[in-house]
Amino acid sequence: MRPSRPAPTASFALAALGAALLAGCSHLGLRPATLPDGARADVAVLETTDIHSNILGYDYYKLKADPTLGYERTVTLIRQARREFPNTFLFDDGDTIQGSVLADYQALARPVGCDQELAIYRAMDAVGYDGGTAGNHEFNYGLGFLSQVTGTPMNVDGGMRKRCDGPHFPLVLSNVYSARDGQPIFKPWTVVTRTIEAYTPDGSRIEVPLKVGIIGFTPPPILDWDKQKLEGKVTVSGVVEAARRYLPQLEAQHPDLVVAILHGGLDTHPYTNQMENGGWYLAGVPGIDALLLGHSHTEFPGPHYVGMQDVDAKRGFVRGVPAVMGGFFGKDLGVIRLALVRRDGRWVVDKVNTHSEVRPICRPAARGEAPDCVAPDPAIAPLVAKVHEAAIAYVNTPIGDTTVRLSSYFADEGNMTALAPINAAQADYVRRELPKTHPELAGIPVLSAAAAFRTGFGGPDDYTDVAPGPLTLRNAADLYFYPNTLAAVKTDGAGVKAWLEQSARRFNRIDPAKAAPQELINPHYVGYNFDQIQGGIAYTIDLTRPAGERITSLTYHGKPVIPDQPFIVATNNYRANGGGHFPGLDGSGIVLASPDGAREILARWIERRQHLGPGDLEPTSWHFAPLQTRSPVVFKGAAGKQAVAAAAGLTGIRQLADHGDGTATYAIDLSP
């Protein structure tokens with residue numbers, strides 16, 4: 001709790017007058033009076049992260065309002081926090097400009113001009129930020145677009161040399177450098193000065209300046225994930241190396257506090273300079289007073305991090321440093337309540353009275369009721385109304401029709417209807433384009449790998465579900481959620497098996513003799529890394545075996561695949577360059593790196609065919625090995641979808657319990 005405000009006193013009036021005079025004369029070089037030791041102040045550091053351009057509470061794939069997400073509701077929490085805390089700083093942790101239909105519209109369909117501010121930044125500027133950093137998805141549209149929309153001239157190939165309209169707050173990034181001159185493409189750090197209210201030991205209120213240094217970091221693997229757009233143009237360092245390089249420069253400015261803004265999470269595995277989630281190690285670098293996290297699309301403090309070494313997952317500390325990660329898609333606001341005390345002539349964090357929390361826009365609702373969500377801030381929607389309507393019109397462009405329901409509700413259990421069009425389109429593209437540059441590879445069989453991007457991670461509505469009927473660009477964007485480009489890799493039978501073994505880590509090992517129910521899905525293995533391969537291939541996953549030994553039958557057109565049998569696998573640039581840490585996939589096997597987006601390739605494939613029926617889509621290529629268990633094997637999914645599973649041929653799935661929040665527990669029968 002912040003200190004109560006005492007009644008005005010003579011000493012308070014003199015202190016306030018002195019502060020006002022000092023503030024008014026600061027340009028004359030006068031120094032403010034020294035604060036006495038024992039003075040205290042509460043400062044709230046507010047964080048948004050992974051907004052992914054979800055400005056409004058709207059689902060562009062289902063064309064309906066969605067009150068469970070959207071920056072316009074996060075703004076309501078921001079304004080509430082500013083009323084609660086007299087001293088606040090607001091920072092953004094990245095993955096801001098990409099991730100929604102509206103974002104793709106402004107970047108790809110109707111690119112914004114140099115004199116136009118990106119919609120998400122217009123909304124953020126209406127609230128007022130003190131700084132931010134760039135996430136990995138900021139690089140998806142290329143350095144030219146990033147340079148333009150952030151208003152950051154960059155001395156890189158393809159970068160903008162002039163300053164365009166960008167956000168009205170500083171963006172800092174310390175670990176990405178131009179290949180031309182070795183300099184950071186953004187300012188690595190900056191200092192933000194704000195006037196705060198503090199209290200002297202006798203309880204008098206006084207206004208004083210507070211200098212907050214900020215330094216930013218993005219995940220080092222961006223050079224792999226967006227290799228086609230970044231290779232030869234930028235270099236990237238590890239987050240700890242960048243911190244050690246630039247923190248001395250920042251500390252030379254004598255900030256009162258240093259806030260590290262890392263677009264990354266927490267990982268206690270041995271550190272490398274390519275570590276994707278280096279927050280645990282960054283917290284160990286001396287000089288950092290608070291740590292903002294992101295990228296992992298989860299919440300810190302929160303249950304996901306309970307038991308992690310030197311991490312307080314209830315109060316929000318990482319190796320003694322207060323930290324927060326505020327969810328994703330505008331669902332939450334991260335808040336660090338820093339209690340500051342004056343010691344030896346400087347502000348230090350009083351860790352006993354400091355804590356972090358994640359404030360959600362929606363509270364759990366009673367069974368069967370709609371989510372209890374805060375109202376959207378009314379100032380945001382009018383700012384983006386025109387581009388919002390234009391994006392809706394754009395994604396409603398017709399491209400064909402389907403007689404098959406294309407759904408990811410049970411993609412983990414064997415319904416590949418949402419993946420089969422992607423795999424067919426990718427394989428078709430590679431078969432047509434690869435011989436143009438590699439005629440010697442023309443006779444090698446082409447397979448395709450795709451993962452369901454929407455499998456309920458974001459809640460019961462976070463699934464792809466395209467009903468039979470007309471198909472539009474919106475449906476193509478729903479089926480292929482990310483703006484990846486297509487890539488093809490040359491591998492062999494052993495490589496395909498290793499690929500599938502890695503994918504099969506999506507599942508827990510099942511013990512047939514266990515009496516208690518067993519969870520099918522491994523919660524630590526994300527759905528977008530469960531690749532399912534098609535193209536004449538068939539395989540079996542045996543859940544009784546340990547990870548790495550689960551693919552027990554692997555055939556190509558009915559014949560066993562042999563280890564040295566050559567294959568070309570169509571995939572995306574993220575996977576081909578090492579995303580997900582799949583064996584053998586590190587970029588070296590790429591034989592086709594297409595400039596075309598996988599989503600656009602899918603849309604053009606549908607346009608050429610016009611009509612999709614069962615005969616146009618390859619059946620599911622895999623199944624679980626038959627297994628008789630004493631107890632049910634269970635998984636969670638969207639409630640009331642058992643009929644969807646049955647219609648897709650998954651007759652062994654039954655709903656056990658409806659949880660009343662849109663989710664349900666299902667059982668899957670694996671018996672012969």
Side-chain angles (χ1 to χ4, degrees), residues 140 142 221 223-232 416 419-453 476 479-503 528-539 554 556-557 561 563-606 608-609 617-618 621:
N140 287 168
L223 207 54
D224 295 327
W225 300 338
D226 273 309
K227 187 173 185 177
Q228 188 173 1
K229 294 183 173 66
L230 302 180
E231 188 174 33
M416 292 186 67
L419 299 179
I422 299 171
N423 278 329
Q426 290 184 162
D428 176 74
Y429 183 94
V430 172
R431 291 188 188 105
R432 288 186 293 105
E433 296 296 324
L434 184 60
K436 296 177 182 178
T437 54
H438 288 284
E440 76 280 5
L441 302 178
I444 297 179
V446 175
L447 310 177
S448 180
F453 294 125
L479 289 164
Y480 206 101
F481 194 59
Y482 292 105
N484 300 123
T485 55
L486 183 142
V489 298
K490 187 177 184 296
T491 185
D492 55 20
V496 171
K497 184 177 185 297
W499 195 319
L500 296 173
E501 290 285 9
Q502 178 71 10
S503 294
Y528 59 77
N529 280 339
F530 177 37
D531 282 358
Q532 302 181 42
I533 298 182
Q534 290 178 297
I537 199 171
Y539 53 102
L554 178 58
Y556 177 67
H557 289 308
V561 171
D564 61 353
Q565 186 173 351
F567 289 100
I568 304 295
V569 183
T571 182
N572 58 57
N573 62 301
Y574 171 79
R575 181 73 74 243
N577 285 296
H581 307 292
F582 278 58
L585 297 182
D586 58 5
S588 61
I590 294 176
V591 292
L592 177 64
S594 170
D596 298 321
R599 182 185 299 170
E600 289 69 41
I601 288 170
L602 171 61
R604 291 199 295 267
W605 180 81
I606 294 173
R608 288 197 303 272
R609 301 190 78 88
L617 303 177
E618 186 176 336
S621 56

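All residue numbers in this chain count up from 1 along the given sequence.
Side chains of Thr485 and Ser594 form no contact here, defined as non-hydrogen atoms less than 4.5 Å apart. Contact check for Trp499 versus Arg575: side-chain heavy atoms found under the 4.5 Å cut-off. Residues Leu223 and Asn577 have side chains not in contact (no heavy-atom distance under 4.5 Å, counting atoms from C-beta outward).
Under the side-chain hydrogen bond (donor to acceptor under 3.5 Å, both in side chains) criterion, Asn140 pairs with His137, Asp226, not counting sequence neighbours. Phe453 pairs by the ring pair (Phe, Tyr, Trp, His ring centres under 6.0 Å) definition with Tyr480, Tyr482, not counting sequence neighbours. When the salt bridge (Lys or Arg N to Asp or Glu O under 4.0 Å) test is applied to Asp224, no partner is found at least two apart in sequence or on another chain. Tyr556 is linked by a ring pair (Phe, Tyr, Trp, His ring centres under 6.0 Å) to Phe567, counting only residues two or more places apart in sequence or in another chain. Listed by chain and residue number, Asp596 satisfy the salt bridge (Lys or Arg N to Asp or Glu O under 4.0 Å) test with Arg604 (two or more places apart in sequence, or in another chain). Legend: residues meeting salt bridge (Lys or Arg N to Asp or Glu O under 4.0 Å) with Glu618, ordered by chain and number and at least two apart, are absent. The side-chain hydrogen bond (donor to acceptor under 3.5 Å, both in side chains) test applied to Lys490 returns no partner, not counting sequence neighbours. Looking at residues two or more places apart in sequence or on another chain, you find no side-chain hydrogen bond (donor to acceptor under 3.5 Å, both in side chains) involving Glu231. For Tyr574, the ring pair (Phe, Tyr, Trp, His ring centres under 6.0 Å) partners are Trp225, not counting sequence neighbours. Taking the side-chain hydrogen bond (donor to acceptor under 3.5 Å, both in side chains) definition, one finds that Asp428 meets it with Arg432, Arg608, sequence neighbours left out.
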Worked verdict on Val430 versus Ile568 for side chain to side chain contact (heavy atoms under 4.5 Å, CB included): CA-CA 9 Å; Val430 172; Ile568 304 295; 4.0 Å; yes

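Within the model, atoms NZ of Lys497 and CG of Asp492 stand 12.5 Å from one another, a figure rounded to the nearest 0.5 Å. Annotation: the span from Leu554 atom CG to Ser621 atom OG amounts to 10.0 Å, rounded to 0.5 Å. One distance of note links OG1 of Thr437 with CG of Leu592; it measures 6.0 Å at 0.5 Å rounding. Rounding to the nearest 0.5 Å places CG of Leu486 at 4.5 Å from CD1 of Ile601.
Taking all atoms of both residues into account, the shortest heavy-atom contact from Asp531 to Tyr539 is O-OH, 4.3 Å.
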Less than 3.5 Å apart, which donor and acceptor atoms pair up between the side chains of residues 419-427 and the rest of the protein, not counting sequence neighbours?
| from | atom 1 | to | atom 2 | distance (Å) |
| --- | --- | --- | --- | --- |
| Asn423 | OD1 | Ser448 | OG | 2.8 |
| Asn423 | OD1 | Ala449 | N | 3.4 |
| Asn423 | OD1 | Ala450 | N | 3.3 |
| Asn423 | ND2 | Gln532 | O | 3.3 |
| Asn423 | ND2 | Gln534 | OE1 | 2.9 |
| Gln426 | NE2 | Ser448 | OG | 2.8 |
| Gln426 | NE2 | Ala449 | O | 3.2 |

Let me have the donor-acceptor pairs involving side chains of residues 578-589, under 3.5 Å, with sequence neighbours excluded, atom names and distances please.
| from | atom 1 | to | atom 2 | distance (Å) |
| --- | --- | --- | --- | --- |
| Asp586 | OD1 | Ser588 | N | 3.0 |
| Asp586 | OD1 | Ser588 | OG | 2.5 |

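Across Leu447, Val496, Ile444, a single residue satisfies side chain to side chain contact (heavy atoms under 4.5 Å, CB included) together with Thr491, and that is Val496.
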